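Keep in mind it's a predicted model, so treat the numbers as computed, not measured. The chains referred to below are lettered A, B, ... by the order of the sequence lines, with proteins before strands, and numbering in each begins at 1. Scope of the values below: all heavy atoms of this structure, side chains included, with no hydrogens, waters or symmetry mates.
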Amino acid sequence: MSDNQFIKLRKEKLAKIRALGIDPYPVESGRSHKIADLFEDRESWVERAESVTLAGRLVAMRRQGKLGFGNLEDDSGKIQLYVSKNETGEENYELFKLCDAGDFVEATGSPFFTNSGEYSLRCSRIRLLGKNIRPLPAVKERVEDGKTIRYDEFADIELRYRKRYLDLLLNPEHRKVFKLRSRIIREMRSYLNERDYMEVETPILQPLYGGANARPFVTHHNTLDVDLYLRIAVELYLKRLIVGGYERVYEIGKNFRNEGMDRTHNPEFTMLESYEAYSDLRGMMDLVEGMVKHLAKNVIGKDEYVYQGHKVNLMGEWRRAGMAELVQEKLGVDVLNESDEALIALCKKHELEIPPGSGKGKIIAVLFEHFVEHSLIQPTFVCDFPKEISPLAKAKPGNPLLADRFELIIAGGEFANAFSELNDPLDQRARLEAQAALRAMGDDEANVVDEDFLEALEYGMPPMGGQGIGVDRLVMLLTENDSIKEVILFPQMKPGI
RNA sequence: GGUCCAGUAACUCAGCGGUAGAGUAUCUGCCUUUUAAGCAGAGAGUCGAUGGUUCGAUCCCAUCCUGGAUCACCA
């Protein structure tokens, strides 16, 4: 971007500062206290009149002749600076006059109360730490009845996402969202660590991708001269680790799916997957429910959340119900015992598309997604998924059509997915080969056959439960944001501007 | 991908077929307790882009770009 009037002026100021023999970008900075420190027992600070040095960004300036006020902000808080020529001396006051909102400065002085009663720092010296040459958007705020009213808020959604640093700087409530995100993830880790899980890191660049139905991003390694895929899931690698003898592992990291983008999908997103030997689907329900309730209670401290226009109570008893049972509730059709023809006719009647190669299970899933999923508002474990669409899940004993799998649905959206993991190597091979057949029929999201994974299974894998939680969506729910872009610091945007 | 909405100064926005406006911000002057500081003055814009209609387009039309909402598709 070329220089505008503002930048030209500030570059001129830079030159003036340098002409005074002052380095506007010094190497050394130092502070004796953070701003929040001065707000503990203010009266005592004032009484002691101790000199302290603060450092931070100057976020506002009110200059009036031989004295001026500024607001200094660091990551702990904000305090008013009182700068008068009497106290700083001529030379230092000249520097202060060359400072702008947006500059980083060091302020030395002692706390006091102004005539109007505002707790401030009476400055004996101002030192420049980093000169700003592009003015920050002008946002003004006023405190009324303890509430902060902001004027001319930096609110353009596109700019907020593209220039996230400005969003964070100018909109404290957005800064708070990402702080909560960090706490949520930290608390997830400790929840699992306390349960004897081990955190691991597995490849992001994979020779084959697997563990989910999705199209991948492809890249190329020059030295090996091979194409590699960015992972769409970590499942198959974590299972290899269970084969290797660890009993409880998890990974929190980015997955990449080359699919559409909307309010709940970003091409790279954060997933938590965990696997636990000798557990099963029931164990995973307890784990997921326990963890989410723990986060709601300990990080946020609320029972009820407003999400996508719905009131969701996370602290109640979470329903566990079969997919077919839920469809039957809604449509009055006993889908498990109905003939394929009748189900196909039902789909046709509602103009629902059935992908080629679909069996009964897939058709039931289509009906579920169309008629039921959106209406599940309170947390619901939808169990007994059709085996046909669950190639990595163990079959449900007693019903060859079903798999021991659930998805957690909240406010009509998917939050987690879990199985009793399939550990029969022959069955697993047959299922992946069936996926390959679907792929041959044009389903480019079907799983690929991963021979190395199958070989690992052949060496023996214990029975286990595994689950994956979409971390971004969980953060959305807990921070009551309806767009995934509000909880990802740098969401994917088209190049532009 | 369909539909709808938006794009005007650094920020928030108004405007309208006749050469662009406000508040804040900025600059200059005054100002030693201000706090959305104040007072006086000034500068600042390719009106998202490209075509078309018109004597004349920021405004009307078309196409495109970017973003948002929504539906469809998709985990």
Side-chain angles (χ1 to χ4, degrees), chain A residues 1-10 12-13 59-71 78-88 93 100-102 112-120 122 132-144 148-163 166 170-171 211-215 232-233 255 257-267 269 271 351-353 355 365-366 369-370 373-374 385 389 407 409 413-417 443-446 468 470 473 482-486 491 493-497:
Chain A
M1 199 191 275
S2 64
D3 289 5
N4 59 28
Q5 46 166 337
F6 304 107
I7 293 177
K8 281 188 189 128
L9 279 163
R10 295 218 175 167
E12 284 166 26
K13 283 193 185 176
V59 292
M61 286 287 266
R62 294 176 294 283
R63 242 191 318 261
Q64 39 186 68
K66 298 182 187 65
L67 89 100
F69 298 88
N71 292 343
K78 191 155 55 167
I79 191 169
Q80 175 171 268
L81 304 181
Y82 168 92
V83 186
S84 84
K85 207 175 192 171
N86 271 356
E87 322 249 351
T88 62
Y93 197 76
D100 292 293
F112 79 117
F113 287 99
T114 63
N115 286 355
S116 55
E118 173 146 358
Y119 188 59
S120 309
R122 186 194 302 273
N132 159 311
I133 61 162
R134 188 183 292 274
L136 297 167
V139 176
K140 293 245 168 184
E141 54 185 43
R142 178 175 61 170
V143 179
E144 195 171 271
T148 302
I149 304 167
R150 220 148 347 120
Y151 299 84
D152 299 337
E153 197 165 353
F154 182 72
D156 184 283
I157 293 176
E158 186 175 355
L159 279 182
R160 283 184 41 231
Y161 296 157
R162 288 188 191 274
K163 312 269 178 213
L166 291 179
L170 300 169
N171 296 318
N213 293 5
R215 282 173 293 172
I232 60 171
N255 287 345
R257 297 188 185 176
N258 208 337
E259 312 264 1
M261 297 160 61
D262 61 27
R263 230 172 48 255
T264 57
H265 296 85
N266 194 64
F269 61 100
M271 185 94 140
E351 293 175 358
L352 299 181
E353 224 176 287
V366 166
E369 282 164 22
H370 186 262
E373 190 167 13
H374 309 284
F385 260 61
I389 57 166
E407 279 191 1
I409 307 295
E414 179 195 341
F415 277 75
N417 185 11
D443 180 354
D444 56 3
E445 295 189 348
R473 289 185 190 170
D482 288 348
S483 169
I484 199 167
K485 289 190 166 86
E486 295 291 352
M493 301 289 276
K494 274 201 191 184
I497 301 188

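A donor-acceptor distance shorter than 3.5 angstrom exists from the side chain of Asn171(A) to the backbone of Phe154(A), with no hydrogens or angles considered. The main-chain N or O of Val139(A) is never found under 3.5 Å from a side-chain atom of Arg150(A) such that the two would form a donor-acceptor pair.
When the nucleotides rG67(B), rU33(B), rA36(B) are ranked by their closest atom to the side chain of Tyr82(A), rU33(B) comes out on top. Which of rU32(B), rU35(B), rG67(B) sits closest to the side chain of Arg62(A) comes down to rU35(B).
Closest heavy-atom contact between Gly468(A) and Met271(A): CA-CE, 4.5 Å.
For the pair Lys13(A) and rC27(B), the criterion of a side-chain N or O lying under 4.0 Å from OP1 or OP2 is met. Applying the 4.0 Å criterion to OP1 and OP2 of rG68(B), one finds that Lys485(A) has a side-chain N or O inside that range. Taking 4.0 angstrom as the limit, Arg263(A) places a side-chain polar atom (N or O) nearer than this to OP1 or OP2 of rU70(B).
The gap from the C1' atom of rU19(B) to that of rC4(B) amounts to 33 Å, rounded to the nearest Å. Look at the C1' atom in both rC47(B) and rG18(B): the space between them is 16 Å, to the nearest Å.
Nearer the 5' end of RNA chain B, as judged by each residue's closest nucleotide, is the contact made by His370(A), out of Glu373(A) and His370(A). With RNA chain B read from its 5' end, the first of the two nearest nucleotides for Ile157(A) and His265(A) is the one closest to Ile157(A).
Ring orientation note: the planes of Tyr119(A) and Phe113(A) are tilted relative to one another, at an angle of 30° to 60°.
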Both atom distances under 3.5 Å, Watson-Crick or G-U wobble: I'd like the secondary structure of RNA chain B as a dot-bracket string, with | for pairs made across strands. (((((((..((((....[..)))).(((((.......))))).....(((((..]....))))))))))))....

Nucleotides 3-14 of chain B: protein proximity per nucleotide (B base, S sugar-phosphate only, - neither; heavy atom, under 4.0 Å): -------BSS--

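Arg63(A) comes within 4.0 angstrom of a base, heavy atoms only. Contact annotation for Glu414(A): base contact, defined as any heavy-atom pair under 4.0 Å involving a base atom.
Remark: Ile157(A) engages Arg160(A), Tyr161(A) in a side chain to side chain contact (heavy atoms under 4.5 Å, CB included) (not counting sequence neighbours).
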